[in-house]
Amino acid sequence: MTTRTRITAVSWSRADARRLDRQFLSGSTPSADENARGVTGAVAAMLGAHAQVLSAAELSIGLRAPGTTRTDVRTALWTDRSLVKTFGPRGTVHLLPAEELPMWTGALSAVPAGGSPFPKDARMTPDQVEAVVSAVSDALKGAELTADELSDEVISRTGPWAGDPVMPAFQGMWPRWRQVLHLAGHRGALCYAPNRGRKATYTNPATVPLPAREATAALVRRYLLAYGPATPAHFARWLAAPRGWAGRLFEELAGAGAIEEVAFEECGQAWVVAGDTRFPSAAPRGVRLLPYFDAFGIASQPRERLFPGAAYARATAGGQAGNFPVLLVDGEVAGVWHQRRSGRRIAVTVEPLSPLDAARRRALEEQVERLGEVMEGTPELTVGKVTVGGHA
């Protein structure tokens, strides 16, 4: 007689509480994890800090790592080189721990490419893509080049076709080769170097990607530890990967016993790392401010539960998270906020979706003080009118 394995049932509240704990956002992280709460530990915990706007990444990290300031983040990035600025999940610019770059490049370069978004006459053949990535890698070894300098090197190493101005840019057209800039980052051929004046520069991080199978398995495990329970569709959405590919990857890992099925509220079948089935018993509590494109808001699913009711309309862009800095109350989005800096003064305006009681107001004031410490300024808090659906 076969014995049916009992499947753990996980509520949204318990999953949310564990994610907050593992993101260092709950205020109740076990002391055993304190050593992990420095700059690189915080970045590792959230699986990369979105850094298209570097100040947002600095705040995401600082709010998770007690005592950290934006200067500490910049030191880790440009002096200690314990962080790397490169193209991460979804092809967007992220800060990643340098020691984890082999996993990231191995996994990201294994994600199947979708169809080209560019017109037929602007596209590149597979051979041209390989030639450009190789040229980028060679040109940046031991060098720090601006985009224009790198462009000259790529064109000289491949051919005039790479320089055809076929890509719409902010105030003109970019050369053809630029469409695979993010792919060069995913392959480990390119990362950012310190700015030269106002110009970004690039270099070769000199990393060797892990084999694809090993790297993708490691990334799924890290994702589930941070944001599980999750489905293959959740993982695919976070990574901007094909759902079918993600589904096959999860099937393979489940067959190998690396991940374990749980029952996750309305999602039904979801997955955690094998054996990782302990969840907090208490519901999330506390008040937090999260900046633009904070990893917690982007990766936590189902999104409708993290952004309940009016929050979905007010704090997402048609369901896309990250476009607004958000106020978390008891683990769910409960408003938006914005800041304006003038010298050292930072004017912080918070717009809750429902009134804050005295205890939550005090907790919010503490968060604003911490924001000022991270950003090395003097914050001034204004709590705006309660907003619903974007209207006061």
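We use all heavy atoms of the structure for the numbers below, so side chains are in, but hydrogens, waters and symmetry mates are not. Everything numeric here is computed off the predicted structure, so don't read it as measured data.
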Item to check | Stepwise side chain to side chain contact (heavy atoms under 4.5 Å, CB included) check, F324 with R314 | outcome: CA-CA 9 Å; F324 298 91; R314 180 68 181 93; 4.0 Å; yes
Item to check | salt bridge (charged side-chain N to carboxylate O under 4.0 Å, His left out) evaluation trace for E58 with R74 | outcome: CA-CA 8 Å; E58 293 166 350; R74 295 171 186 178; 2.7 Å; yes
Item to check | Residue pair R361, D357: steps toward the side chain to side chain contact (heavy atoms under 4.5 Å, CB included) verdict | outcome: CA-CA 6 Å; R361 174 63 184 254; D357 60 26; over 6 Å; no
Checklist entry - Yes or no on side chain to side chain contact (heavy atoms under 4.5 Å, CB included) for L381 and T349, after CA distance, side-chain angles and deciding distance? => result CA-CA 6 Å; L381 170 63; T349 302; over 6 Å; no
Checklist entry - Between E366 and R362, does a salt bridge (charged side-chain N to carboxylate O under 4.0 Å, His left out) hold up when you go through it step by step? => result CA-CA 6 Å; E366 291 174 0; R362 287 193 298 273; over 6 Å; no
Next on the checklist: Using the rule given for side-chain hydrogen bond (donor to acceptor under 3.5 Å, both in side chains), can you reason through W177 versus S151, listing the C-alpha separation, both sets of side-chain angles and the distance that settles it, and then say yes or no?
Outcome noted: CA-CA 8 Å; W177 76 269; S151 188; 2.9 Å; yes
Next on the checklist: Determine whether E260 and T277 satisfy the following criterion, side-chain hydrogen bond (donor to acceptor under 3.5 Å, both in side chains), listing intermediate values before the conclusion.
Outcome noted: CA-CA 9 Å; E260 176 178 340; T277 56; 4.8 Å; no
Next on the checklist: Using side chain to side chain contact (heavy atoms under 4.5 Å, CB included), reason through S55 and M375 one step at a time and then give a plain yes or no.
Outcome noted: CA-CA 8 Å; S55 60; M375 304 310 291; 4.0 Å; yes
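In this structure, R178 satisfies the cation-pi test against W174, with its NZ or CZ atom closer than 6.0 Å to the six-membered ring centre and inside 45 degrees of the ring normal.
Remark: L150 CG to L181 CG distance equals 7.5 Å, nearest 0.5 Å. Atom-to-atom distance recorded for T105:OG1 and L190:CG is 12.0 Å, nearest 0.5 angstrom. Summarising the geometry, atom CG belonging to L77 is positioned 10.5 Å from atom CG belonging to L96; distances are rounded to the nearest 0.5 Å. E332 contributes atom CD, which lies 10.5 Å from atom CZ of F307 (distance to the nearest 0.5 angstrom). With values rounded to the nearest 0.5 angstrom, Q320 atom CD is found 8.0 Å from I298 atom CD1. The CG atom of L219 sits 7.0 Å away from the CG atom of L108 when rounded to the nearest 0.5 Å.
A continuous path of ILVMFWY side-chain contacts below 4.5 Å connects W78 to L101, so both sit in one hydrophobic cluster. L239 and L253 fall within the same hydrophobic cluster, defined by Ile, Leu, Val, Met, Phe, Trp and Tyr side-chain heavy atoms under 4.5 Å apart, directly or through other members. Linking ILVMFWY residues whenever their side-chain heavy atoms come closer than 4.5 Å, directly or via other members, places V166 and F118 in the same cluster. Criterion: ILVMFWY side-chain heavy atoms under 4.5 Å apart, direct or through other members. Under it, I155 and L183 are not part of a common hydrophobic cluster.
In this structure, R176 contributes its side chain and A122 its backbone to a donor-acceptor pair below 3.5 Å. The backbone N or O of S300 lies less than 3.5 Å from no partner atom in the side chain of R19, so there is not a single donor-acceptor pair. Looking only at distances, a side-chain donor or acceptor of S156 sits under 3.5 Å from a matching main-chain atom of E153. When atom types are taken as modelled, the side chain of T92 and the backbone of P89 share a donor-acceptor pair closer than 3.5 angstrom. For T316 (side chain) and A313 (main-chain N/O), no donor-acceptor pair under 3.5 Å exists by modelled atom type. Not one N or O on the side chain of R345 forms a donor-acceptor pair closer than 3.5 Å with the backbone of S342. Here the side chain of R344 pairs a donor or acceptor atom with the backbone of E376 at under 3.5 angstrom. E265 places a side-chain N or O within donor-acceptor distance of the main-chain N or O of W12, the cut-off being under 3.5 Å. Not a single donor-acceptor pair under 3.5 Å links the side chain of R360 to the backbone N or O of V287.
Evaluation of the side-chain hydrogen bond (donor to acceptor under 3.5 Å, both in side chains) test over residues 184-197, restricted to residues two or more places apart or in two chains, returns E130-R187, E149-R196. Applying the side-chain hydrogen bond (donor to acceptor under 3.5 Å, both in side chains) test to every pair with at least one member in residues 203-222, sequence neighbours left out, gives these pairs: E100-R222, S137-N204, R213-E252.
For the pair F279/S11, no side-chain contact is recorded, criterion being any heavy-atom separation below 4.5 Å from C-beta on. Taking the side chain as every heavy atom from C-beta outward, L290 and L25 approach each other to under 4.5 Å. Between P229 and C267, the closest side-chain pair of non-hydrogen atoms is not below 4.5 Å. Between Y202 and E144, the closest side-chain pair of non-hydrogen atoms is not below 4.5 Å. You'll find the side chain of L327 reaches within 4.5 Å of the side chain of L364, heavy atoms only. Annotation: side chain of L95 is not in contact with side chain of T86 (no heavy-atom distance under 4.5 Å). Looking at T378 and I346, their side chains never come closer than 4.5 Å, going by heavy atoms from C-beta outward. You'll find the side chain of R303 stays beyond 4.5 Å of the side chain of V333, heavy atoms only.
For W337 and Q367, the side-chain atoms include no donor-acceptor pair closer than 3.5 Å. Judged by distance alone, the side chains of Q269 and T231 never bring a donor and an acceptor atom under 3.5 Å apart. Side-chain atoms of S26 and D21 include a donor-acceptor pair closer than 3.5 Å.
A 6.0 Å sphere centred on CD of E304 holds more than 12 heavy atoms belonging to other residues, nucleotides or ligands. Residue-environment remark: CZ (R243) stays at or below the threshold of 12 foreign heavy atoms within 6.0 Å.
Taking the six-membered ring for Trp and thresholds of 30 and 60 degrees, H94 and H50 have ring planes more than 60 degrees apart, a perpendicular arrangement. Ring pair W238/Y227 is tilted by interplanar angle, where 30° to 60° counts as tilted.
Electrostatic pairing of R305 and D16 does not count as a salt bridge here, judged by no charged N lying under 4.0 Å from a carboxylate O. Classification of R64 and D294 as a salt-bridged pair holds, one side-chain N sitting under 4.0 Å from a carboxylate O. A salt bridge does not link E251 with R248: every distance from a Lys NZ or Arg NE/NH1/NH2 to an Asp or Glu carboxylate oxygen is 4.0 Å or more. Using a 4.0 Å cut-off between a side-chain N of Lys or Arg and a carboxylate O of Asp or Glu, D276 and R18 qualify as a salt bridge.
Residues satisfying the ring pair (Phe, Tyr, Trp, His ring centres under 6.0 Å) test with F296, not counting sequence neighbours, are none.
Ring to ring, F235 and F250 are close: their centroids are under 6.0 angstrom apart.
What you find for H234 and A230 is that their closest heavy atoms are ND1-CA, 3.6 Å. The heavy-atom pair separating L306 from G331 by the smallest distance is CD1-O, 3.5 Å. Considering all non-hydrogen atoms of both residues, P352 and G384 come closest at CD-O, 3.9 Å. Minimum interatomic distance between A299 and Y223 (heavy atoms only, all atoms of both residues): O-OH, 3.7 Å.
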